[in-house]
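Written below as structure tokens is the structure these notes are about.
Residue numbers start at 1 and run along the sequence shown.
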Amino acid sequence: MSNTTTVALPPEACHRIVHWTRRCDLTALCLTSKFLQKSAEIKLYEVIMSGDINVIFRACESVVSQERLGPYVRSFYLYQSARRAQTELPTRFWNMLQKALWKMRCLDVLYIDDPARANTWILSDIPRIPFQLREANFRLPWNRHIIKFLESQKKLRQFQFSGGIDEDAPQFEDGSLPDLRTFDGHLTSAMQLLSLPCGLRHLRIPLDRSTNKQLLDFIPNLATLSRTLRSLNIIHMPEELSVEAIKLISFVCPDLHYVGIIPLPMTFPHRTMIHDALLAMHNIRDLEVDVSRWSPLPNTASMQRMLITELHTYCPSIEHVILRTGSNRTLWYFDGNEWDVRSESGQHLLVDGLWKNR
């Protein structure tokens, strides 16, 4: 029987083979050749994301048991698929996740959705956390573990948070989050961020029944960000607050490029008051308004074009208008001569991210 020899593949060939390999085939590729293994593992572990908790657990086990894998991980997403029952995860899982995070020294993006909204302790051992995140999205409680973890993240630029607020959560230390540019989270946590000298550019705050009444007291505090803030997105603003809110916003932050989501009154003189506030904002490029309570709804293109032309008269700098009519969102854009509807292809992706693009 003749001897079989293994021919070494040049690195360039390995990279190209891995590049064109489907993600679901990368595990098999790792077993095909030791020359392909490293390139395949780098791509396989670069993003760990699955709605199947068992898959995530096995990936964490591999990262913990094989030292070479941890530095490959750039993005880590923990969530449970909407098609599966949302179950509380066992302590054994969280222990394994914590140990895996200690190995990921090149991690840039971290997403953690804990159904129990409880296990922030996995981020509490600050000396053993080797990474500096660029982006974080946590569905966890706002407590001392989260605060101390965030204080350690000097390169974090984008942070999204949803979860309960602990009354005993400490304030941030001076100098925390120096690079933070985008925040999406509760009004209470936003208030804490305003105490920091960070150059926040994009802010989104979802309101609820407990925070609606705090909105008008909160807006004047945005004066500390007036030099840098370019986008303000307030979700679920009550219509009865819209006039006073936009008047305050136009006074405190007149240089915004994006404003939303403003419930636009159907009747005058309240609509005129919105117009007056827009007249004071000369740099708005993107405006998002909600007309869901109008009767009849402006569902036709001609009705919407008339409404947007009206807004453009008082705010000639706008380039995009998003109209919300119930569950529908329509993106209009100005081409320099007239207003037109953006094609459906990719519209929702553009609409969802518009507030972060200015």
Side-chain angles (χ1 to χ4, degrees), residues 18 21-27 30 40-66 68-125 128-142 145-146 149-150 152-153 155-164 180-185 189 202 204 206 348-349 352-353 356:
V18 169
T21 300
R22 296 180 301 174
R23 186 171 182 81
C24 60
D25 294 329
L26 288 173
T27 302
C30 290
E41 283 182 344
I42 290 174
K43 185 177 180 181
L44 182 63
Y45 284 91
E46 183 178 23
V47 178
I48 296 179
M49 178 171 60
S50 174
D52 187 336
I53 296 303
N54 293 320
V55 172
I56 296 294
F57 184 80
R58 290 195 298 271
C60 289
E61 276 188 318
S62 297
V63 168
V64 171
S65 62
Q66 301 180 60
R68 70 182 185 278
L69 299 180
Y72 298 159
V73 184
R74 299 285 182 160
S75 302
F76 185 94
Y77 298 83
L78 168 62
Y79 63 96
Q80 295 188 55
S81 173
R83 293 173 295 181
R84 302 171 182 265
Q86 300 290 299
T87 58
E88 188 171 333
L89 303 175
T91 302
R92 174 171 170 263
F93 175 89
W94 293 106
N95 282 326
M96 183 60 68
L97 173 57
Q98 184 184 50
K99 293 176 182 177
L101 290 174
W102 293 344
K103 304 288 185 179
M104 302 177 187
R105 65 173 183 262
C106 297
L107 194 65
D108 285 326
V109 179
L110 179 59
Y111 178 100
I112 299 178
D113 182 359
D114 175 15
R117 303 290 192 267
N119 294 282
T120 55
W121 58 267
I122 64 169
L123 301 172
S124 64
D125 197 345
R128 302 192 69 173
I129 293 177
F131 50 78
Q132 287 289 313
L133 297 177
R134 175 177 47 84
E135 179 180 338
N137 188 332
F138 296 154
R139 298 189 177 188
L140 294 165
W142 184 271
H145 294 317
I146 290 294
F149 171 76
L150 292 174
S152 73
Q153 297 299 300
K155 297 181 179 180
L156 190 66
R157 296 187 64 84
Q158 183 171 321
F159 180 44
Q160 183 174 353
F161 171 83
S162 59
L180 188 65
R181 296 296 178 266
T182 302
F183 177 71
D184 180 352
S189 47
H202 314 289
R204 177 157 73 175
H348 290 303
L349 186 62
D352 291 337
K356 293 187 290 187

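- Partner of L78 under the side-chain contact (heavy atoms from CB on, under 4.5 Å) criterion, out of I48, I56, I122: I56 alone.
- N137 approaches Q160 most closely through the heavy-atom pair ND2-OE1, 3.0 Å.
- One N or O on the side chain of Q132 and one on the backbone of S152 form a donor-acceptor pair closer than 3.5 Å.
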Just do the side-chain contact (heavy atoms from CB on, under 4.5 Å) check on R139 and R117 with the steps written out, would you? CA-CA 7 Å; R139 298 189 177 188; R117 303 290 192 267; 3.7 Å; yes

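- None of H202, R181, K356 except one satisfies the side-chain contact (heavy atoms from CB on, under 4.5 Å) rule with Q158; the exception is K356.
- Across S189 and G185, no two heavy atoms sit closer than the pair OG-C, 4.1 Å.
- The closest side-chain heavy-atom distance from F138 to L110 is below 4.5 Å.
- Considering only heavy atoms from C-beta on, D108 comes within 4.5 Å of R74 through its side chain.
- For A100 against M104, the heavy-atom pair with the smallest separation is O-CG, 3.3 Å.
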Residue pair L133, F149: steps toward the side-chain contact (heavy atoms from CB on, under 4.5 Å) verdict: CA-CA 11 Å; L133 297 177; F149 171 76; 3.8 Å; yes

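- When side chains are defined from C-beta on, D184 counts as touching P206, because their heavy atoms get closer than 4.5 Å.
- By the 4.5 Å heavy-atom criterion applied to side chains, I129 and L101 are not counted as neighbours.
- A 4.5 Å side-chain heavy-atom check between V64 and M96 finds at least one atom pair inside the cut-off.
- When all heavy atoms of L97 and C60 are compared, the closest pair comes out as CD1-SG, 4.0 Å.
- The heavy-atom pair separating D52 from N54 by the smallest distance is OD1-N, 2.9 Å.
- Other residues, nucleotides and ligands place no more than 12 heavy atoms under 6.0 Å from the CZ atom of R105.
- Within the 4.5 Å cutoff, the side chain of P115 has no heavy atoms near those of the E88 side chain.
- Side-chain atoms of Q80 and D113, non-hydrogen and from C-beta on, never get closer than 4.5 Å to each other.
- F183 and F159 have their aromatic ring centers within a separation under 6.0 angstrom.
- The minimum heavy-atom distance linking W102 with P130 is given by the pair O-CG, 3.3 Å.
- Using a 4.5 Å heavy-atom cutoff, the side chains of K43 and Y72 are not in contact.
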